[in-house]
Amino acid sequence: MPADPSLSRREFLKQSAAGVATAGLALDAAGSAEAAPAALPKSKVVVVTNPAIGAPESMNQEAVTATVQKAVCALFGTDDVATAFGRLAGKTDIVALKPNCAGGTKANGTRLQVMIGLTNSLNAAGVPYPNMIVYEQDERLLRQSGYPILKDKSNIRIMGVRESIGYSQKSYKQGEVEQRLAKVLEECSVLINCPFLKTCPGFGVTLAMKNHQGSVREPALNHPPASRGGAPHLADMNMIPLIRQKTKLVLCDATYPLYDGGPGDKPDAHWAYNTLLVATDPVALDAVGYQILDEKRKELGLDPIADVPAHIKVADMRKLGNGDLANIERIDLSMA
């Protein structure tokens, strides 16, 4: 233990200057309060649009993969794909990838093409396919979103937690949340969060933070009254060290977002946005995603989402990440 704990925190913040969202938490792993830093380093969210993706019908795989690579390279400030994805994982890492497949249809969740583009890029950077596990709460959700179920350890695995992976033997407590987690979160060394851009009554949006409802055994316990908008439960869940410390990337599928209704599908409330969002800070990504959805609703003459979702505000307050747009560098790129 260092003689000067405050020095340790300063060094941690210094090392996190690239925008890693885990620095300077207002709560420690046991949920007790500690002094929070005055501010986190500014977070970066990269928003890349590529009309060649062709959502929703064609979903050109080559264009999707190129967009994944462009976004991650821009996030890490390099033109070299191997270097960018090497920042996420190496050949000895076990990588868990969490899509959002709870929308009921292929159109209303993280598309398989996006996951293929991501896993192929990781493999090109040296991560073996057998070291990658794509997981969702159950296999029914994966199938309805167009994912095959793959359990052979000689290749990439795509599995449900309830049927195949199982849950941790112990509960993890953080703030108001106490849950058993998907066992893969104990086994992996790298976690990549792959949400889908959509609205959700009561929560405002369901993006990176809410995606981990599929990583816990009893997600209903994190559903407080709608007036509380997921606060503080979604923030607390994402502050559990197995989630917070292992998350190296958030890649949000915004190819065909849902601007009204949710979390189930509303077929006439999508638009072909052909975009991906990436960040290392899940709170910042959720804040930018909220902004995009709210602007789309205003453009269509719909009522705005009432306010910044409460779980984003609480996560910002507790220094899980930056939820204030003033503290986020948004980089918009076009591949047209």
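Predicted model only: the values in this text are computed from it and were never measured. In this chain, residues are counted from 1 in sequence order. Heavy-atom basis, side chains included; hydrogens, waters and symmetry copies ignored.
- When only modelled atom types and interatomic distance are considered, N60 and S58 share no side-chain donor-acceptor pair under 3.5 Å.
- Counting only residues at least two apart or on different chains, the salt bridge (charged side-chain N to carboxylate O under 4.0 Å, His left out) pairs with a member in residues 255-267 are D260-K266, D260-R297.
- With sequence neighbours excluded, the residues satisfying side-chain contact (heavy atoms from CB on, under 4.5 Å) with A284 are S43, V45, D281, I328.
- Residues passing the salt bridge (Lys or Arg N to Asp or Glu O under 4.0 Å) test with R180, sequence neighbours excluded: none.
- Here salt bridge (charged side-chain N to carboxylate O under 4.0 Å, His left out) pairs that include residues 88-111, with residues two or more places apart or in two chains, are K98-E136.
- Every residue meeting the salt bridge (Lys or Arg N to Asp or Glu O under 4.0 Å) condition with K296, not counting sequence neighbours, appears here in chain and number order: E299.
- Each salt bridge (charged side-chain N to carboxylate O under 4.0 Å, His left out) pair with one or both residues in residues 327-336, not counting sequence neighbours, appears once here: R330-D332.
- Contact annotation: the side chain of K70 never approaches that of V46 to less than 4.5 Å [non-hydrogen atoms, C-beta and beyond].
- Among residues two or more places apart in sequence or in another chain, the salt bridge (Lys or Arg N to Asp or Glu O under 4.0 Å) test is passed with R157 by none.
- Applying the salt bridge (charged side-chain N to carboxylate O under 4.0 Å, His left out) rule to pairs touching residues 300-312 yields D307-K313, sequence neighbours excluded.
- Side-chain contact between P309 and D286: absent, with no pair of heavy atoms (C-beta onward) separated by less than 4.5 Å.
- Annotation: side-chain contact (heavy atoms from CB on, under 4.5 Å) contacts of P304 (sequence neighbours excluded): D294, K298.
- Applying the salt bridge (Lys or Arg N to Asp or Glu O under 4.0 Å) rule to K210 yields no partners; only residues at least two apart in sequence or on another chain are considered.
- No hydrogens or angles considered: nothing links the side chains of D80 and T78 as a donor-acceptor pair under 3.5 Å.
- Between T275 and T49, the side chains place a donor N or O and an acceptor N or O closer than 3.5 Å (distance only, hydrogens not considered).
- A donor-acceptor pair shorter than 3.5 Å can be found between the side chains of E186 and Y172.
- For the side-chain contact (heavy atoms from CB on, under 4.5 Å) test, residues two or more places apart in sequence or in another chain that qualify with Q61 are V64, T65, Q113, I116.
- Partners of Y256 according to the ring-ring contact (aromatic ring centres under 6.0 Å, His included) rule, which considers only residues two or more places apart in sequence or in another chain, are H270.
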